[in-house]
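Following: one structure in structure tokens, then a few remarks.
Every number for a ligand or one of its atoms is a count from 1 in the order of the listing.
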Amino acid sequence: MNIRPCTDADLSVLCALWRTPGGVHERHYDRQRAGQTTYLVAWQDQEPLGSGVLQWGGCIGSNARTAYPQAVELNHLQVRDLYRGQGVGSALIAVAEALASRAGRHQMAVGVAEDNPEAERLYRRLGYRPTGVVDVSEYDWITAEGAARHETERDQLLVKDLSPTSEQGR
Ligand SMILES: CC(C)(COP(=O)(O)OP(=O)(O)OC[C@H]1O[C@@H](n2cnc3c(N)ncnc32)[C@H](O)[C@@H]1OP(=O)(O)O)[C@@H](O)C(=O)NCCC(=O)NCCS
């Protein structure tokens with residue numbers, strides 16, 4: 001498995017092989033080009049497995065920003081159905097932590113929907129701790145069938161302190 005920030009060449013392969021309605025890859029890549037994020041993608045040869053976005057500007061939710069102003073946030077973590085449960089998500093999180101550490105950042109934050117206990121369990125196993133901070137986000141998305149949806153999501157914030165040693169072995 002190879003995990004790297006998305007490149008121009010990667011973007012065309014991504015869009016061709018991992019179809020996401022609503023131009024998700026393009027939007028994430030545009031923000032990386034604007035210097036706001038790193039759009040990390042996991043690959044097995046030419047096959048995209050999953051991705052996540054490192055938000056250098058910090059937490060998106062206003063309660064999270066206020067409580068943890070120094071944190072870098074990892075969001076939009078997603079592994080394609082076929083490749084879940086094989087360590088791809090954990091590897092993306094590890095690379096994100098290593099990048100943040102290397103950039104001199106000391107804290108990583110993730111927002112987990114309250115109805116997503118599986119993702120919460122994964123983060124807790126990797127050392128993230130609950131904070132009691134909750135943000136409510138609203139967003140629009142398009143289903144694979146092309147239907148518009150509007151969602152309201154309650155995200156609880158988990159954080160992890162990144163020690164310099166968290167890079168060891170990577
Ligand atoms: C959550 C997610 C990124 C984890 O990626 P992954 O590659 O499956 O994770 P790993 O293989 O490294 O770790 C497996 C753990 O992920 C968690 N997990 C969450 N959803 C899962 C799923 N659908 N299938 C398998 N594991 C899942 C489990 O806690 C599992 O731990 P377990 O073995 O104790 O059950 C991935 O399942 C996913 O894309 N889910 C849908 C989107 C999502 O919930 N994103 C997180 C937003 S905070």
Side-chain angles (χ1 to χ4, degrees), residues 1-6 10 14-15 17-25 27-29 31 37-65 67-68 71-100 107-145 149-162 166-167 169-170:
M1 188 189 337
N2 180 300
I3 297 179
R4 58 178 181 266
C6 190
D10 289 343
L14 253 188
C15 294
L17 297 186
W18 183 4
R19 294 186 179 277
T20 52
V24 170
H25 301 306
R27 253 184 298 133
H28 290 332
Y29 189 56
R31 291 197 186 119
T37 64
T38 296
Y39 185 29
L40 282 175
V41 184
W43 299 87
Q44 188 71 58
D45 302 319
Q46 284 290 294
E47 180 75 350
L49 310 177
S51 62
V53 177
L54 205 44
Q55 302 281 351
W56 294 109
C59 295
I60 305 297
S62 59
N63 294 334
R65 282 183 88 81
Y68 293 91
V72 184
E73 182 171 344
L74 174 64
N75 62 14
H76 300 293
L77 182 71
Q78 189 171 13
V79 173
R80 296 171 77 191
D81 287 352
L82 201 60
Y83 304 113
R84 288 184 189 170
Q86 299 171 30
V88 178
S90 303
L92 278 161
I93 295 165
V95 168
E97 290 175 0
L99 281 179
Q107 203 163 47
M108 181 77 84
V110 293
V112 183
E114 288 185 331
D115 61 357
N116 193 354
E118 294 90 356
E120 181 183 344
R121 197 169 65 231
L122 169 63
Y123 281 120
R124 283 187 182 235
R125 196 168 62 215
L126 296 174
Y128 288 78
R129 61 177 204 279
T131 62
V133 175
V134 173
D135 274 291
V136 177
S137 61
E138 296 199 30
Y139 57 92
D140 297 302
W141 63 288
I142 314 224
T143 66
E145 295 74 37
R149 292 268 187 277
H150 184 80
E151 303 280 351
T152 302
E153 185 175 291
R154 282 176 57 85
D155 291 327
Q156 61 153 323
L157 190 76
L158 308 183
V159 298
K160 176 175 179 177
D161 293 327
L162 304 173
S166 65
E167 268 195 87
R170 295 214 173 105

* Residue pair Asn63 / Arg65, side-chain donor-acceptor N/O under 3.5 Å -> no
* For ligand 1, which atoms, with element, lie under 4.0 Å from some heavy atom of Gly111? -> 48 (S)
* Of all the atoms in ligand 1, which lie at a distance below 4.0 Å from a heavy atom belonging to Gln78? -> 39 (O)
* Structure fact -> Val88 heavy atoms within 4.0 Å reach ligand 1 at atoms 7 (O), 12 (O)
* Sidechain N-carboxylate O distance under 4.0 Å for Arg154, Asp115 -> no
* Return yes if some donor-acceptor pair links the side-chain N/O of Asp135 with the main-chain N/O of Ala64 below 3.5 Å, else return no. => yes
* Asked: What atoms of ligand 1 come within less than 4.0 Å of a heavy atom belonging to Ser90?
  -> 10 (P), 12 (O), 13 (O)
* Structure fact -> The option among Ala91, Gly85, Gly87 carrying the non-hydrogen atom nearest to atom 26 (N) of ligand 1 is Gly85
* Using only heavy-atom distances, determine whether the side chains of Gln44 and Tyr83 contain a donor-acceptor pair under 3.5 Å. => no
* Tyr123 vs Tyr128 aromatic rings, parallel, tilted or perpendicular, using cut-offs 30° and 60°? -> perpendicular
* Please work out whether any backbone atom (N, CA, C, O) or any side-chain heavy atom from C-beta onward of Arg125 is under 4.0 Å from ligand 1, and answer side chain, backbone, both or neither. => side chain
* To do: Could you tell me whether the side chains of Trp56 and Thr38 share a donor-acceptor contact shorter than 3.5 Å?
  => yes
* Would one find an N or O of Leu77, backbone or side chain, under 3.5 Å from an N or O of ligand 1? -> yes
* **Heavy-atom nearest option to atom 19 (C) of ligand 1, drawn from Glu118, Gln156, Glu153** => Glu118
* Report the part of Val110 in contact with ligand 1, treating N, CA, C, O as backbone and CB onward as side chain, heavy atoms under 4.0 Å; options are side chain, backbone, both, neither. => neither
* Between Glu73 (side chain) and Ile60 (backbone), is there a donor-acceptor pair under 3.5 Å? -> yes
